[in-house]
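Read the structure below first, then the notes.
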Amino acid sequence: MSDHPLRVHFVWTGSRFPYHARLAIESAIVAMPEARIDLDLVVGENGDVPATDHFRTVAAYDRVEVTRWTPGELFEPCPLGASPYVDLLQRLRSPAAISNLARLAVLYARGGVYLDTDVLVLRGLHRPSVHGSYVGVERVWDGNRSRIERGFGPIAALKATPWAVRWAACRVDSAVWHGRLRLADRISDDGHTREQVNNAVIGAPAESPFIAFALAQALEVDPSIRFALGPNLLDDVVRTEPRLAWVAPTSRFYAVPPGLSHRFFADRTLELPVDAQVMHYVASNHRRLLADLDIDDPRFARETAPFWRRGEQVRTAIGALETPRRIWCVT
């Protein structure tokens with residue numbers, strides 16, 4: 001069994017660093033105080049890093065190490081070297097796509113657990129150095145991938161109607177009755193959804209064959225298609241080579257489907273499974289809410305839906321575990 005602490009990676013690119021990203025890192029510190037937290041910054045030629053108070057706060061924590069990666073440095077350890085991945089990176093336009101590729105390179109070089117910055121960690125995660133590579137599945141509308149890759153025609157819209165009706169009913173239940181009608185539990189969506197691997201939580205030892213295969217496959221996909229380098233890539237890898245990684249059930253990382261992620265913020269009746277380790281609330285579904293979120297938001301103390309409840313626990317606990325005691329530096 002490895003004596004080294006668990007290494008937890010968060011990848012960031014861009015000049016902004018909002019409070020929800022800080023809260024994700026702090027939740028990892030609270031849930032896994034023995035872990036080493038790596039904040040991996042993907043920077044351009046000028047080497048600029050975020051200049052916000054929230055970034056400076058987490059960068060000064062004793063348990064957090066900030067590493068600044070240029071594209072060449074980031075991809076040099078990859079099996080095929082840096083060149084094909086630097087070329088691919090130059091074709092990517094969104095920070096999410098850059099992060100999708102960068103997380104694979106970081107895990108291949110250093111190993112550990114990668115976490116998105118739109119998660120809250122609930123309890124400790126397994127060490128890949130002991131348990132091997134792993135990912136988790138979530139439940140998505142079964143026509144979602146074809147919609148993204150080939151468009152959304154009349155037949156697809158008709159097939160989506162039962163899923164959309166359930167989604168609308170659950171949304172109203174959360175917004176108006178805070179989940180008291182329990183429509184998400186009463187109306188089944190099993191006939192209209194399927195399980196798909198997500199890439200918000202990835203565990204892998206350094207130089208893992210699972211990550212090596214994913215990096216190789218990343219060069220074969222069309223990066224202009226949304227999610228091609230993200231969940232779709234890892235889902236294809238797992239289906240092609242299932243022996244390379246353990247697939248955790250939905251209860252571990254994705255207990256609430258992405259289409260119902262509003263429940264994390266509004267459903268006061270929502271109780272997560274006893275084996276849930278991570279809450280993934282899908283930041284892209286809640287841009288306006290998260291843009292206004294800050295450490296002094298009164299909803300942390302007032303609201304009882306899971307996001308606010310866990311956020312308040314983290315805000316309360318972090319002060320006892322971490323006090324910024326140093327001027328942050330990067331390697």
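Atom set for the values below is all heavy atoms of this structure, side chains included, hydrogens, waters and symmetry mates excluded. On a predicted model such as this, the values are computed, not experimentally measured, just so you know.
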Using atom types as modelled and distance alone, determine if a side-chain donor or acceptor of [X] lies under 3.5 Å from a backbone N or O of [Y].
| X | Y | value |
| --- | --- | --- |
| Thr240 | Val237 | no |
| Asp173 | Leu181 | yes |
| Asp116 | Asp118 | no |
| Asp40 | Arg103 | no |
| Arg315 | Ile295 | yes |
| Asp294 | Asp296 | no |
| Arg226 | Ala97 | no |
| Ser133 | Ala245 | no |
| Arg263 | Leu260 | no |
| Asp267 | Ser174 | no |

Count the heavy atoms belonging to other residues, nucleotides or ligands that lie under 6.0 Å from CZ of Arg16, then report whether that count exceeds 12. no

Can you find a heavy atom in the side chain of [X] that is under 4.5 Å from one in the side chain of [Y]?
| X | Y | value |
| --- | --- | --- |
| Leu234 | Phe227 | no |
| Leu120 | Val278 | no |
| Tyr281 | Val256 | no |
| Val197 | Tyr254 | no |
| Arg171 | Leu183 | no |
| Leu39 | Thr67 | no |
| Asn199 | Asn100 | yes |
| Leu80 | Leu219 | yes |

Determine whether the aromatic ring centres of residues His54 and Tyr19 are separated by less than 6.0 angstrom. yes

Regarding Asp235 and Gln196, do their side chains bring together a donor and an acceptor under 3.5 Å, going by distance alone? no

Rounded distance [0.5 Å steps], CD in Glu26 versus CD1 in Ile37: 11.0 Å

Parallel, tilted or perpendicular, as decided by the 30° and 60° cut-offs, for the rings of His126 and Trp246: perpendicular

Same hydrophobic cluster for Leu270 and Val282, using side-chain heavy-atom links shorter than 4.5 Å among ILVMFWY? no

Among pairs that include at least one residue of residues 83-98, which meet side-chain hydrogen bond (donor to acceptor under 3.5 Å, both in side chains), considering only residues two or more places apart or in two chains? none

